[in-house]
Amino acid sequence: MNENVSRALHERASRRLPGGVNSPVRAFRAVGGSPIFFEKARGAFLFSADGDTYLDCIGSWGPAILGHANERVVEAVQRVATDGLSFGAPTEREIVFAERIAALYPSIEMMRAVSSGTEACMSALRVARGFTRRDVIVKFEGCYHGHADALLVKAGSGAATFGVPDSAGVSSSAANNTLTLPYNDIEALRALFEARGKDIAAIIVEPVVGNMGCVPPAPGFLETLIELCAAHGAVSILDEVMTGCRLAPGGAQQRFGLKPAMTCLGKVVGGGLPLAAYGGRAEIMQQVAPLGPVYQAGTLSGNPVAVAAGLATLDQLTPALYEHLEALGARLEDGLRRGLEASGIPGVVQRVGSMITLFFSEGPVRNWGDADRCDRKRFASWHRGLLERGVYWPPSQFEAAFLSGAHTLDDMDRISAASAEALQALR
Ligand code: KE4
């Protein structure tokens, strides 16, 4: 693989775009080297500006569950685009989308379409605060819900202290109504509700974390969270931007049999175009303008072309797709684990469905404290080894890899072989 063209493009990009990218994780800062620029994607493959082909394990960070440039999605986009790109007025297609989401997510009696997961999470929290007339929100260390100020906070010292800004530009006033807890810590959750249950507007959680790397919920964690919220008049918000339509057509809540008060969706539901949504119980969503007092708006919300891509994607979320994704995930999990065992390098593989992460960790990763102890240097070297073998893996230890309906079992074996070789080179 040569990267000369990508390197030159990155230099040129860096003159006009911070870090040469339009989203930080793409810059390869966590793994070193220069980001690869791509020209085309199809099925399970990406085609770089340098003329190299990569087996893709990112899938645009989740949306490409069918594989890139899925024929039916592209056809829908082309067909609908010729009738206009954006009306700024209601269309029947948006009703169809909302009805399809309600059918897949019975907890979402009403929803509002927006253009990104950040918008969905930011808006859901505002609605929860408006509905409960409370200010305090709770999130979990290591979970990411987009870049709204109130969500860019990190734990203060000790559990359940008010957050401190985790980014420059976030004011302490924006952060100081956000409490942060360790993920999977049921006792800390109970203690918080004991102490402050009446002040809490909402708890927002990734039902399976992707943003620490793949971290599954401990048994009873999500159920307890939803029960405690209901008991104390707080709004439980499942951030299913990543897990929605990924872990099942009805997301983690279908997979685990949960009924949250609100849900955020994104990524897969837009099929690769800017489409996300938030929603939940009708009595909560009736707070949203123009019906209720909570303001939220968007020029491109429910955009007809994006909705067409979303609907064409939802049409293809068949039982066979999830059976295939489960088979792929199991094969890859087994192959990566064997490579780790053969190398003698400490590491664990964690997976839920088609979300998977290889952690360079001594033991299981159950929360941010565990994740933070991973060997970042080893990850970076392993990532480079995969890249040199034509496998495009998320460029951060704290991200999940994603598989698609376009991947094959042979592709899984190829990734495992590349990983095994890269691990051997680390010994
Ligand atoms: P967007 O604003 O990026 O559409 O969604 C924010 C968001 C919300 N909730 C969850 C659980 C998410 O994973 C995300 C965004 N995920 C990252 C990847 N970890 C997107 C990639 C990026 O930031 O470039």
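Note that the structure is predicted; figures quoted are calculated from it, not measured. Counting convention: from 1, in listed order, for ligands and their atoms alike.
Under 3.5 Å, the side chains of Q253 and S107 contain a donor-acceptor pair of N or O atoms.
With rounding to the nearest 0.5 angstrom, the NZ atom of K267 is 10.0 Å from the OG atom of S116. For the atom pair L358 CG and C214 SG, the distance stands at 12.0 Å (nearest 0.5 Å). To the nearest 0.5 Å, atoms CZ (R246) and OG (S354) are separated by 4.0 Å.
Sorted by chain then number, the residues whose non-hydrogen atoms approach ligand 1 to under 4.0 Å are S23, V25, W61, S116, G117, T118, Y144, H145, G146, E206, N211, D239, V241, M242, K267, E399.
Side-chain atoms of N367 do not come within 3.5 Å of backbone N or O of N184 as any donor-acceptor pair.
Residues that satisfy the ring-ring contact (aromatic ring centres under 6.0 Å, His included) test with Y392, not counting sequence neighbours, are F38.
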